[in-house]
Amino acid sequence: MSAVEPDVIVVGLGWVGGIIAAELTKAGLNVVGLERGPDHDGRAGAFAGSRDELRIRRLEHTQATDAETWTLRHDRNETALPFRRAGAFTPGTGVGGSSLLYGGMAWRFPEYDFMPRTAITARYGAGAIPDGATIADWGLSYQDLAPYYDQFERMAGVGGRAGNINGEIQPGGNPFEAPRSSDFPVPPLRDLGGPSLFRDTVRRLGYHPFPVPSSALSTDYVNPDGVARRACTYCGYCAGAPCEFGAKADAVVTVLPVARRTGRFWVRADCTVTEVLHDGGTARGVRYYDAAGTRHELRARAVVLSAYAFSNTRLLLNSGLGTPYDPDTGTGAVGKNYGYNFGLHSHALFANRRFQNYVGSPAIGYAIAEYNADNFDHTGLGFLDGGLIWTSNRAAGPLAGIPVPPGTPRWGPEWKRAIGRWYDRFVTVVGHGAVLPHRDHYLDLDPTYTDRYGLPLLRITFDWGENDRRMYDFMAGKVAGIVAAMDPDEVVPPAGLPEHFNTAAYQSTHNTGGAIMGPDPASSVVSPWLRMWDCGNVWVAGGSALPQGTGTGPTGTICALAYRAAHDIIRTQAGRRAA
Ligand SMILES: Cc1cc2nc3c(=O)[nH]c(=O)nc-3n(C[C@H](O)[C@H](O)[C@H](O)COP(=O)(O)OP(=O)(O)OC[C@H]3O[C@@H](n4cnc5c(N)ncnc54)[C@H](O)[C@@H]3O)c2cc1C
Ligand code: SF4
């Protein structure tokens with residue numbers, strides 16, 4: 001076969017595109033992967049220099065906002081303005097995508113997250129869902145996804161301690177965990193000073209701490225595809241940067257080599273897809289521009305969009321695929337249910353203790369799930385859902401992550417002295433909160449601003465809502481209780497949610513929605529197999545399919561869904577392969 005007309009085109013080669021490309025090529029399908037950024041894969045020393053914090057802060061592997069950015073308005077009456085720089089979120093670019101940058105925490109969602117509308121109605125009554133909240137069930141249960149979570153965890157070598165194996169609660173794990181069929185493939189990473197203090201403190205307070213599930217390897221590991229990786233060296237530079245050693249599982253060191261070695265996978269890097277070509281219900285291929293700005297059309301029998309939540313939604317809208325969401329009528333689904341997470345941080349500072357904060361990965365730590373999802377009674381609290389609370393080493397990098405006592409100047413000699421004094425004498429506690437979907441929070445095409453190809457940018461209409469503010473205050477109170485119980489000398493409290501969503505302050509790159517899944521074609525874009533209702537040979541995979549933000553990081557679930565979508569593509573496409 002020539003690579004000119006593949007069976008399947010995969011748009012975007014991060015975790016999702018990489019997983020799907022590997023599964024499809026292993027099953028005998030020919031795949032072309034189109035990626036807007038460069039291909040470092042296989043180049044010796046491609047990520048050398050990752051441990052330069054200045055380079056990390058310069059966002060060199062992040063979507064280049066001078067080529068393509070987003071516009072934001074806080075409500076429908078404002079005029080949206082473009083982001084000059086990625087800040088609140090920093091999606092990746094280049095082969096490997098955001099998988100190169102992520103912290104490596106690899107969570108499963110609890111059962112509640114798959115059917116929140118049903119669960120809330122059953123526990124609190126239908127009236128508990130606030131006016132305007134477009135909370136939706138997924139049309140898929142945790143049990144449906146569980147085998148694909150297993151597959152992802154074995155491929156990536158996720159380490160942790162099981163909390164629930166086949167319904168039996170396990171000591172030292174998360175007692176709120178949904179049942180797993182077996183323990184994690186590798187043990188958790190080593191304990192370090194700060195996380196150990198958090199663990200002992202919360203245990204004293206009556207919580208049930210458990211190790212954060214991590215895709216940074218705790219031991220050398222060979223996965224079921226035969227890919228061997230070495231254990232993490234605890235160097236501490238993987239927050240927002242690629243791991244030079246391949247110890248953190250990313251698409252470049254796990255799934256993409258498997259696709260390449262089949263001989264059925266062709267990567268076209270520096271190629272930006274601008275449109276899915278289609279005749280109503282059937283896609284013919286895609287249109288893309290290469291690095292020289294030359295326009296191409298590539299045909300295939302099926303198309304997978306795996307270009308992150310924002311680009312997936314923008315590609316659908318710019319291609320005229322599916323029905324755009326209309327917030328006035330609530331009809332149409334493309335762009336609907338934009339969701340997110342907030343992050344709050346409080347720091348406990350100790351004059352006479354050191355924690356070795358200079359080693360470790362962001363995924364080394366302990367968490368509690370007592371305030372996640374519906375694990376607690378929300379009666380009278382004024383908000384729904386919740387989030388995890390955790391501590392980790394090296395959450396934000398060696399310099400950027402160092403807190404100083406309130407009142408310290410933000411630059412100059414006094415700030416430098418404070419950094420020198422406190423850099424290894426703090427423990428950070430993080431609260432992570434689900435941002436629920438709302439009728440007025442959505443994605444559409446900007447009427448004014450365009451990219452370098454003259455195509456409309458994606459417009460985000462979003463602001464913090466009442467549910468977010470009440471949840472934030474509640475979580476901040478719980479975090480304050482934990483920090484105080486550590487008995488620190490100084491406390492840096494959480495910054496608080498600003499009056500409006502601020503594009504500069506990092507929250508999370510956990511953007512969801514825009515092409516949500518569901519059981520009903522009238523209110524969702526894709527089926528629970530991530531296949532488009534309106535165009536049967538297009539799959540739209542990634543965070544775009546999640547109907548709401550959740551209290552748990554989404555990537556484990558996004559990757560499990562990618563395995564499930566690959567299963568569907570193989571089931572429907574492999575048999576139709578031309579001889
Ligand atoms: C700093 C950071 C820390 C994070 N930490 C965690 C964590 O600890 N736990 C967790 O659960 N999640 C975390 N995340 C989120 C996680 O990285 C993402 O959920 C996940 O990687 C998304 O995978 P994806 O394949 O859907 O998208 P991506 O990995 O972003 O891949 C999409 C790819 O598509 C390409 N693309 C986009 N548009 C086009 C186009 N038009 N044409 C061609 N190619 C295109 C992009 O360049 C990119 O390579 C973090 C993210 C960041 C940035
Ligand atoms: S801490 Fe471990 S996973 Fe992170 S960059 Fe260093 S070796 Fe890689």
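Order of appearance sets the numbers: ligands from 1, and atoms from 1 within every ligand.
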Lys/Arg-Asp/Glu bridge criterion (N-O < 4.0 Å) met for [X], [Y]:
X	Y	result
D451	R314	yes
D191	R161	no
E153	R108	yes
D290	R295	no

Considering [options] one by one, which has a heavy atom nearer to [atom] than any of the others?
atom	options	value
atom 28 (P) of ligand 1	A216, G542, S98	S98
atom 27 (O) of ligand 1	W107, Y308, Y102	Y308
atom 3 (S) of ligand 2	P362, S214, A216, A241	A216
atom 11 (O) of ligand 1	L561, T274, T555	T555
atom 35 (C) of ligand 1	Q63, H61, E35	E35

Which of the atoms in ligand 2, numbered in the order shown and given with their element, are less than 4.0 Å from a heavy-atom of [X]?
X	value
K248	3 (S)
T233	2 (Fe), 7 (S)
G236	1 (S), 6 (Fe)
F245	7 (S)
G360	1 (S)
C243	3 (S), 5 (S), 7 (S), 8 (Fe)

- Query: Are F310 and F89 near enough that their ring centres are under 6.0 Å apart?
  - Reply: yes
- Query: Is it the side chain (CB and beyond), the backbone, both or neither of A307 that lies under 4.0 Å from ligand 1, heavy atoms counted?
  - Reply: both
- Query: At under 4.0 Å between heavy atoms, which part of Y506 makes contact with ligand 1: side chain, backbone, both or neither?
  - Reply: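 For Y506, only side-chain atoms sit under 4.0 Å from ligand 1.
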- Under 3.5 Å side-chain donor-acceptor pair for Y237 and S361: no
- Message: Ignoring hydrogens, what is the shortest heavy-atom contact between G157 and L217? Give both atom names and the distance.
- Response: O-CD2, 3.3 Å
- Item | atom 2 (Fe) of ligand 2 to nearest N/O/S of C232 below 2.8 Å | yes
- State whether F265 and R260 meet the cation-pi test: NZ (Lys) or CZ (Arg) under 6.0 Å from the six-membered ring centroid, and within 45° of the perpendicular axis. no
- Task: Could you check atom 6 (Fe) of ligand 2 against the protein and tell me its nearest heavy-atom contact, residue, atom and distance included?
- Result: C235 SG, 2.4 Å
- Item | Shortest protein heavy-atom distance from atom 51 (C) of ligand 1, along with the residue and atom involved | T509 CB, 3.5 Å
- Message: Before you tell me yes or no, could you show the steps for D66 and R85 under salt bridge (charged side-chain N to carboxylate O under 4.0 Å, His left out), namely the whole-Å CA-CA distance, both residues' side-chain angles and the distance that decides it to 0.1 Å?
- Response: CA-CA 8 Å; D66 55 349; R85 190 173 191 269; over 6 Å; no
- Has S306 got any heavy atom lying under 4.0 angstrom from an atom of ligand 1?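 S306 counts as a contact of ligand 1 under the 4.0 Å cut-off.
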- Given the rule in the salt bridge (charged side-chain N to carboxylate O under 4.0 Å, His left out) test, do R287 and E297 qualify, once you have shown the distances and angles that lead to the verdict? CA-CA 4 Å; R287 175 171 297 139; E297 289 188 1; 2.7 Å; yes
- Query: What do you reckon, does V16 have a nitrogen or oxygen under 3.5 Å from a nitrogen or oxygen of ligand 1?
  - Reply: yes
